[in-house]
Chemist: 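Encoded as structure tokens, here's the structure I'll be asking about.
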Amino acid sequence: MNQRVANQLQQGFQLLQNERLLDAQLIFEDILKHEPLNQHALNLLGVVFIQMQQAEKAIPLLERALTVNDKDAQTFSNLGLAYKDQHQFQDAEKAFNSSLSLNTQQPQTLNNLGNVLAAQDQHKQAVLAFDAALKIDANYPECLSNFAQSLKELGNLAIALKAIDHANHLVPNNSYFLNVKGEIQLAKIDYHNARQSFEKAIALDNYMPARINLSTALKQLGNYVKAKDCLQSAIEHEPNNSEAYNHLGVLQEQLGEFDSAANSFRIALTHTPNHASSFYQLAKLKNQILRIEEVDKITELLSDSSTPSVFKVSLFFALGVYYDKTKEYALAIKNYAYAQQIKAQKFPYNAKLTEQYRATVEGITLTTSADVSLAQIHSIFIIGMPRSGTSLAEQILASHSQVFGAGELGYINDLVKKAEQITNASYPYCLAKLSHSQRTEFGRQYKQRMLDTFGNHSFFTDKNPLNFNFVGFIKAILPDAKFVYCKRNPTDNCLSIFKLPFDDSQGYAHDLHALGHYYREHERLMAFWTSMYSKDITTVVYEEVVNDQPRITAQLLAFLSLDYEKSTERFYQTQRLVMTPSAEQVRQPIYRTSVDSWQKYGDVLQPLLQSLEQHRVNKYRE
């Protein structure tokens, strides 16, 4: 290399460092006119285009540089960045791995590899990449933040919180890191602290994602008026913010403002035509049907290989709902199955683990319970399979003057985790190790949290269906607790779950055969609980509510020692926030269309029917 070219490279590099990108571009292009295969000029010009957000121009330059020298780790790393910016994630992953094979001690490249893996929803592998980067540089704040976010996606919230706390310590007053911390706290169902984190982020620089997340924390704390104000304020600041409109639409649906919700989702799609969540949320509004151009756009996005799988899930569900509404049931179930197949690949169902859990729980029983704390507060747990009528049961009860419907809460999960920490034993083994006073204190904490969050009421409902797993724990800490066990036709129940985008970690929900197995295991566990606590558990059958709601309601209220009130017959008029997929249904009078609805879908449901029958037969052979 002659001295003139060497000087030009040095000058161009300095300009690049000083972010004078156009001047740097001219110098590197001049070098390449005379030396078309100068690997340094090719590489650095590629970096210029990456920083100018013109990655499509960077890729051929970097690939040409590698034809000159395929042993340069930095060029491979830069190529990975260019592919990443183009959302060509598999090519980016390959380039980063090639770079690391040449030099393993590159924390930035490992961090970028982690980001690419996370973008493909491969969070287990992403965590490994971030962890490797942090072993080289433990004080790499951006990597700590990325590490925390992937850990959150995997449900490892305790370590995620430690990681983001370290990032916040290294870079105080960073709104992005504070927002990540708030998101982890939301996942931990720590709504008060999440609210504080988001408010701090907003105070620093009005960070818009934190403002949107703050609305979620406020909503979960029962302050939906402030939650709506928060979103409308975000829209005033950024009128084209699709996420704000999408969140506003969800809140409006939960408040029963269905026409406004549809308008918000369509505005979100105007600003971001590939906003998959808005397509799904719009599709499932009962008073709406997707327009032909919206269906065409969804189909176009699904045929595009660059559409991330996490978006495709929402798009397939949107099509499933659309075809349900147009009564093309074969197409509907086909699209639901496509969506669930993507989810099942991430979190396959483990039937043995479900059976082992049930058997272990049945083997651990307590002969003594806690003292009754705050006796004036009565806890009602509405349990059962999701989509078994739990939202309807809560809406009916919440229509009673003495009952507050608190919705789906994670408080019992929080207390179970506390019990595990205190006893250094996993659930359910921790239960037997709790002292009488500890169980009493847990019961007091539960009721006090209800009072602190929702105000002073005599009766609270906690409608987390999957609390059926923890009936023994609940009775151990809240001996005065009552349970409303909701049941529904098994096939209708399982199909209804299959038609919804349940959380990825709920592996049973993503496969028809798995649903049949899980349903029967839930039945077996509930039979055990009912035999243990028969006086405190009542069963409400969905089909019986549909046939004679006043009579079943009267029986339910008598079980709870509550007087009958006519308002419970007009439950659909009760104004309250409903944060479940049943938000629209519970605001309508009883209807029969969901009874025996499974028969419309034909042979596609055979795996579910066979699984339900197989495990039902096995149960009675024991």
Chemist: Say whether, by atom type as modelled, one donor and one acceptor occur between the side chain of T326 and the main chain of Y323 under 3.5 angstrom.
Modeler: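 Yes, because the side chain of T326 sits within donor-acceptor range (under 3.5 Å) of the backbone of Y323.
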Chemist: Pairing donors with acceptors under 3.5 angstrom, does anything connect the side chains of E394 and T461?
Modeler: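 The answer is yes; a qualifying pair exists.
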Chemist: Could you check whether any side-chain N or O of N464 sits under 3.5 Å from a backbone N or O of L409, counting only pairs where one atom can act as donor and the other as acceptor?
Modeler: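 Looks like yes, one N/O pair under 3.5 Å.
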Chemist: Any sub-3.5 Å donor-acceptor pair from T270's side-chain atoms to R266's backbone N or O?
Modeler: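 A pair under 3.5 Å: yes.
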Chemist: Is the CG atom of D503 crowded by more than 12 outside heavy atoms at less than 6.0 Å?
Modeler: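 Atom CG in D503 is packed in, count exceeds 12.
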Chemist: Strictly below 4.0 Å, N to O, side chains only: are K417 and E420 in salt-bridge contact?
Modeler: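 Result for this pair is no, no salt bridge flagged.
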Chemist: Does atom CZ of F311 have more than 12 heavy-atom neighbours, drawn from other residues, nucleotides or ligands, at distances under 6.0 Å?
Modeler: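 It does not: F311 CZ has 12 such atoms or fewer within range.
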Chemist: For F528, look at atom CZ and say whether over 12 heavy atoms of other residues, nucleotides or ligands are found less than 6.0 Å away.
Modeler: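 Yes, enclosed.
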Chemist: Indicate yes or no: does E523 engage K487 in a salt bridge with an N to O separation below 4.0 Å.
Modeler: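 So E523 pairs with K487 through a salt bridge.
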Chemist: Examine the side chains of Y322 and N335 and answer whether a donor and an acceptor come within less than 3.5 Å of each other.
Modeler: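 Distance-only check fails for Y322 and N335.
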Chemist: Give a yes/no verdict on a cation-pi contact between K482 and F559, requiring under 6.0 Å between NZ or CZ and the six-membered ring centre and an angle within 45° of the axis.
Modeler: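 Judged by the rule (NZ or CZ under 6.0 Å from the ring centre, within 45° of its axis), K482 counts as positioned above F559.
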Chemist: Ring centroid separation for Y349 and Y508, is it under 6.0 angstrom?
Modeler: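 Here the rings of Y508 and Y349 have centres that are no less than 6.0 Å from each other.
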Chemist: Say whether E243 and H275, considering side chains only, have a donor N or O and an acceptor N or O under 3.5 Å apart.
Modeler: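 Side-chain D/A pair, E243 to H275: present.
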Chemist: For L451 versus H457, what's the shortest heavy-atom pair and its separation?
Modeler: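 Closest pair (atom of L451, atom of H457, distance): CD2-N, 4.3 Å.
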Chemist: Mark yes or no for whether S388, through its side chain, and R488, through its backbone, hold a donor-acceptor pair below 3.5 Å.
Modeler: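 Checking the backbone N and O of R488 against the side chain of S388, no donor-acceptor pair under 3.5 Å is found.
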Chemist: Is it true that atom NZ of K418 has more than 12 heavy atoms of other residues, nucleotides or ligands lying nearer than 6.0 Å?
Modeler: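 No.
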Chemist: Please check if any side-chain donor atom of Y446 sits under 3.5 Å from a side-chain acceptor atom of D414, or the reverse.
Modeler: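 Short answer, no.
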Chemist: Is the number of heavy atoms from other residues, nucleotides or ligands under 6.0 Å of K297 NZ greater than 12?
Modeler: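 Enclosed: over 12 neighbouring heavy atoms sit under 6.0 Å from NZ of K297.
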Chemist: Kindly say whether E544 contributes a backbone atom to a donor-acceptor pair with the side chain of D548 at under 3.5 angstrom?
Modeler: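 No, the answer is negative, given that no donor and acceptor are paired below the 3.5 Å cut-off.
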Chemist: Under a 4.0 Å N-O cut-off, is there an ion pair linking E355 with R358?
Modeler: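 Here E355 does not pair with R358 in a salt bridge, since their nearest N and O are not under 4.0 Å apart.
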Chemist: List for me each residue that meets side chain to side chain contact (heavy atoms under 4.5 Å, CB included) alongside S401, sequence neighbours excluded, and say none if there are none.
Modeler: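 Here the qualifying residues are E565.
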Chemist: How about D563: does its CG atom have over 12 heavy atoms from other parts shown lying under 6.0 Å from it?
Modeler: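 Check fails, neighbour count at 12 or below.
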Chemist: At their closest point, which heavy atom of D536 faces which heavy atom of A481, and how far apart are they?
Modeler: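 For D536 and A481, the tightest heavy-atom pair comes out as CB-O, 3.8 Å.
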Chemist: Would the distance check show the side chain of S215 and the main-chain N or O of A227 forming a donor-acceptor pair, the cut-off being under 3.5 Å?
Modeler: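 Checked: no pair found.
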Chemist: Under a 3.5 Å distance rule, please check whether Q340 uses its side chain to pair with a backbone N or O of L500 as donor and acceptor.
Modeler: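 Yes, because the side chain of Q340 sits within donor-acceptor range (under 3.5 Å) of the backbone of L500.
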Chemist: Taking atom types as modelled, find out whether N213 and E183 have a side-chain donor-acceptor pair closer than 3.5 angstrom.
Modeler: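 The criterion, which ignores hydrogens and geometry beyond distance, is satisfied for E183 and N213.
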Chemist: Side-chain donor-acceptor pair under 3.5 Å between Y329 and Q599, yes or no?
Modeler: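 No, because no side-chain N or O of Y329 sits under 3.5 Å from a partner of the opposite role on Q599.
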Chemist: Counting neighbours of NZ on K226 that are heavy atoms of other residues, nucleotides or ligands and sit closer than 6.0 Å, is the number greater than 12?
Modeler: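 It does not: K226 NZ has 12 such atoms or fewer within range.
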Chemist: I'd like to know if the side chain of S278 and the backbone of N246 have a donor-acceptor N/O pair within less than 3.5 Å.
Modeler: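 The answer is no, because no donor-acceptor pair under 3.5 Å joins these two groups.
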Chemist: Aromatic ring centroids of F381 and F470 under 6.0 Å?
Modeler: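 Centroid separation for F381 and F470: 6.0 Å or greater.
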Chemist: Looking at residues at least two apart in the chain, or sitting in another chain, which of them share a salt bridge (charged side-chain N to carboxylate O under 4.0 Å, His left out) with K228?
Modeler: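 Residues passing salt bridge (charged side-chain N to carboxylate O under 4.0 Å, His left out) with K228: E257.
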